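From a predicted model like this one, the values you see are computed outputs, not experimental measurements.
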Amino acid sequence: MIDPAPSTVPALAFDDRPVLVTARLKPGYAREQLSRVDDPSWDLGPAVFRENARRCHVTVHFDVLEHADVQAAMRAYLYARLNIDLPGCRPKLTPASIRQAFNRARRFFAFARERLGRLDLGRIDQALVDAYARHLRADPARRPVIVGQLLQVATDLYHFRDYLPGGGLGFEPWAGRAPARVAGYRHVRENRTPRMPEEVTTPLLAWSLRYVTVFAHDILTARASLDRLEARRARLIAAEHGLPDAARRLRQRTRLERYLGRRARQGRGVPVWTTAHNGATRTDPHTGEATPPINAHLLHLHAGIDAEAEPAMHLRLAKGASALIEAAVTDLGVEVGGMDTPISIDPQSGRPWRSRFDVKTLAQEERMLQAAAYIVCAYLTGMRDCEVQAMRRGCLSVARSDDGMIERHRIRSTLYKGRSSTGEPASWVTIAPVAEAISVLERLSARAARRSGSDTLWPVLRPNICSKPHISSEVVRQLNAFRDHLNTQFGTPDAPVVPPDPSGKPWRITTRQFRRTIAWHIANRPFGTVAGMIQYKHASVAAFEGYAGTSASGFRAEVEAQRKLGQLDDLLDYFDRRRGSFTLSGPAGPRIEGALDIAAADLGPLPAMIADRARLRVMLASLARTLHVGVLADCFFDPATALCLKRVTGADAQQPMTALCQPTRCPNACITARHRPAWERSAQEARTLLKERRLSDLQHAALTAELHRLTTVIEAIDPAPPGTTPG
């Protein structure tokens, strides 16, 4: 590494200067209002533009450091990292990374102080930093990449020595070797983010789409109805302000009677809460069972009472009103929830998708709808979390053709990775389900965003629960709450909607999983279960026309990386099945069987050798690069023999033309048991058509021949038992 030339800038003295000298600030902030160097805490939020940045990540609290010498060294180090740019060595630290840098430096400072008795950077030597490296590597759970990041602090204290009061390290640690090399880190290209298995992705996306397309109407309608009720109550309270309490109670009692009378005419019961809360229950007079209590909140809304502002006006405290309610319960029974918004029929079950809302379940379902919309947006666009959460009202546009048909849905947001701290405007081409989710979000977020003066699509919907206006990192907790909600409301303990992970624990959803999973499916499973729900073919086309942002967003490269990994994983599955006497049909079957058998022979007969997956991946990598998964057959592509390329001119010799595949003739086609359902569906369609009496002799003969061909293929995949006749 080239050592930057010594600076002529004098060492910084600590005073009341702002922590950030040149960083760009959000609108509405002045530099003199920023945290000062000597402040007990630094809040760099005014210079952090990412909507998903956590508050704890952009603040540091120096009082958690026990010793004054460590506090002073930490202030000097962080101030230099934030404001000094060393070209070719270390760029300025972005304000959003301040807490991460604090935690890494804190670990080294604590180690050095323990060894030296007090923290004096001038006394640190190579032996001490070597001991620190050994200390970090001693933990087997700490990966080398993390060790390298922690060791970088020592290198920084040398390179920034001219900008630290009293100087930094007087020697270059490890003679200039990169900390990652010292840590033993070797770059691994494979993405470590776990990919969601299809048995998790399929129900999660299916229910998210159902929330957006079916349930959202009820949720948004119920919120509008509740807003009207609250506004009416406010008008009634304002109109009756100044009246004697007795007169007010009489009017409230009259409105309660009218409300209960209306319920009687509608054949509906007195509202009770959906669930018991605060330990309060009621005993049903007919069954003796404990049920949730009477929904007094809803009764108060209709009666024009604000029991929080005036607890003495609570209906249950007035003997006459309380007796009236109990009499109505006896006559009418009860109704769960009680709000007037009708509940839509779920097209999958043919029943209402839930009971009627109360104010608590409505707030819960709003959060679930927000989580569902996030899943649709994040999964079906391939956008990163920071890009999804940067979406604002009006971000969706539609380009139409001359005949008025929709051509493309386009999202405007901000690209952050590899950009400055302020990001860069970018656009993403997407598909209709995402456009519908954004339309839902604009309605869902309007109330909370208006209250906070923001135009974000991702506000915290219950600001009294969380002090920050933007959902940011809370989305992870909300996504996992959505998973639990689906399992509780629509599944059973034995058959949860979203199955658990292999250890039996609930599958933990993180925001990074969506981008990797969609890249995987577009690359490797264009015909899977999820594909059928959202037309992956359209998504795949859009992906390479800017589907996940500009080409600089890296999504195209990520899809290609996942394609390579998927090809190898699929071939390993071929290998495992072949070791279990799995047979392949199709023209390429014998060739692939031979290649797999040779690989098995090279590994040796011992079962332990078969477990050497890394070696096996290397052996099969060349064959895996030719594998392309298909509906009727898998293609082990060889352009010299591919029949699909011979049927067109100017074809790309690097990829098969899957639409022109001839799986029973092409020497590249390999048919497995996974393809059997598609062939059986085709055979069944042929049988159905043969029952038509209006077929000509020529049509009948052609269909009979086609059915014979299909049956022959099916029998080769899984031969029928002896003595049976093909259908």
Side-chain angles (χ1 to χ4, degrees), residues 218-243 245-278 280 282 291-329 331-343 354-367 443-444 446-448 450-451 461-465:
D218 295 351
I219 296 169
L220 297 172
T221 301
R223 173 54 66 183
S225 174
L226 183 60
D227 287 345
R228 288 193 297 270
L229 268 178
E230 291 176 343
R232 172 181 174 271
R233 179 181 64 179
R235 291 194 302 271
L236 290 172
I237 292 175
E240 296 171 0
H241 179 69
L243 292 178
D245 286 349
R248 293 178 60 203
R249 288 185 184 279
L250 181 59
R251 295 188 179 198
Q252 294 165 359
R253 169 80 175 270
T254 301
R255 288 192 288 266
L256 176 63
E257 290 173 344
R258 286 201 299 265
Y259 170 68
L260 294 175
R262 188 164 61 250
R263 305 283 291 194
R265 291 191 297 273
Q266 295 171 344
R268 298 171 60 189
V270 177
V272 297
W273 292 100
T274 305
T275 58
H277 52 274
N278 299 329
R282 62 176 285 273
T291 72
I294 298 295
N295 189 346
H297 176 270
L298 187 57
L299 298 181
H300 287 152
L301 282 174
H302 284 278
I305 299 171
D306 186 349
E308 289 188 6
E310 297 181 287
M313 288 293 183
H314 199 294
L315 289 172
R316 305 294 282 181
L317 299 179
K319 292 183 179 180
S322 182
L324 179 64
I325 295 170
E326 292 300 329
V329 168
D331 293 340
L332 308 178
V334 297
E335 177 185 277
V336 175
M339 288 184 64
D340 291 338
T341 303
I343 303 301
R354 60 156 297 119
S355 60
R356 289 184 185 255
F357 295 106
D358 57 42
V359 66
K360 293 182 180 295
T361 55
L362 174 58
Q364 180 190 38
E365 291 292 4
E366 285 179 316
R367 295 193 301 279
R443 296 178 60 191
L444 179 66
R447 181 167 171 264
R450 186 168 56 248
R451 188 166 47 230
L461 297 178
R462 291 200 301 172
N464 57 316
I465 300 300

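- The CD atom of Gln252 sits 12.5 Å away from the CG atom of Leu299 when rounded to the nearest 0.5 Å.
- Take Arg263 and apply the side chain to side chain donor-acceptor pair (under 3.5 Å) test, not counting sequence neighbours, and it matches Tyr259, Glu335.
- Residue pairs meeting the salt bridge (Lys or Arg N to Asp or Glu O under 4.0 Å) criterion with at least one member in residues 229-238: none, sequence neighbours excluded.
- Residues satisfying the salt bridge (charged side-chain N to carboxylate O under 4.0 Å, His left out) criterion with Arg253, sequence neighbours excluded, are Glu257.
- Atoms CD1 and CE, from Ile305 and Met313 in turn, are 7.5 Å apart once rounded to the nearest 0.5 Å.
- Not counting sequence neighbours, the partners of Ala446 by the side chain to side chain contact (heavy atoms under 4.5 Å, CB included) test are Arg393, Arg450.
- Arg268 places a side-chain N or O within 3.5 Å of a backbone atom of Gly338 that can act as its donor or acceptor partner.
- Checked against side chain to side chain donor-acceptor pair (under 3.5 Å), Asp358 has the following partners two or more places apart in sequence or in another chain: Thr274, Thr361.
- Here the closest heavy-atom approach between residue Ala321 and residue Leu315 is recorded as CB-O, 3.7 Å.
- By the salt bridge (charged side-chain N to carboxylate O under 4.0 Å, His left out) test, Arg447 is found to be paired with Asp227, residues two or more places apart in sequence or in another chain being considered.
- Without hydrogens or angle criteria, Ser225 side chain to Thr221 main chain gives no donor-acceptor distance under 3.5 Å.
- Counting heavy atoms from C-beta outward, Leu236 and Arg251 have side chains that stay 4.5 Å or more apart.
- Across all non-hydrogen atoms, the minimal contact from Phe357 to Ile343 is CE1-CD1, 3.7 Å.
- For residues 291-311, the pairs satisfying side-chain hydrogen bond (donor to acceptor under 3.5 Å, both in side chains) are Arg248-Glu310, Arg282-Thr291, with sequence neighbours left out.
- Residues Leu298 and Leu229 come closest through the heavy atom pair CD1-CD1, 4.2 Å.
- Two residues are said to be in side-chain contact when any heavy atoms from C-beta on lie closer than 4.5 Å; Arg223 and Leu362 meet this criterion.
- Here Ser322 pairs with Arg316 under the side chain to side chain contact (heavy atoms under 4.5 Å, CB included) rule; sequence neighbours left out.
- The nearest pair of heavy atoms linking Ala276 to Ala280 is CB-O, 3.4 Å.
- Under the rule for a side chain to side chain donor-acceptor pair (under 3.5 Å), Arg258 has no partner lying at least two apart in sequence or in another chain.
- When all heavy atoms of Leu260 and Val270 are compared, the pair lying nearest together is CD2-CG2, 4.2 Å.
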Given side-chain contact (heavy atoms from CB on, under 4.5 Å), test Leu226 with Leu301 step by step and report yes or no. CA-CA 9 Å; Leu226 183 60; Leu301 282 174; 3.6 Å; yes
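- Partners of Arg354 by side chain to side chain donor-acceptor pair (under 3.5 Å), not counting sequence neighbours, listed by chain and number: Glu365.
- For the pair Thr341 and Arg356, the tightest heavy-atom approach, listed with the atom from each and the gap, is O-NH1, 3.5 Å.
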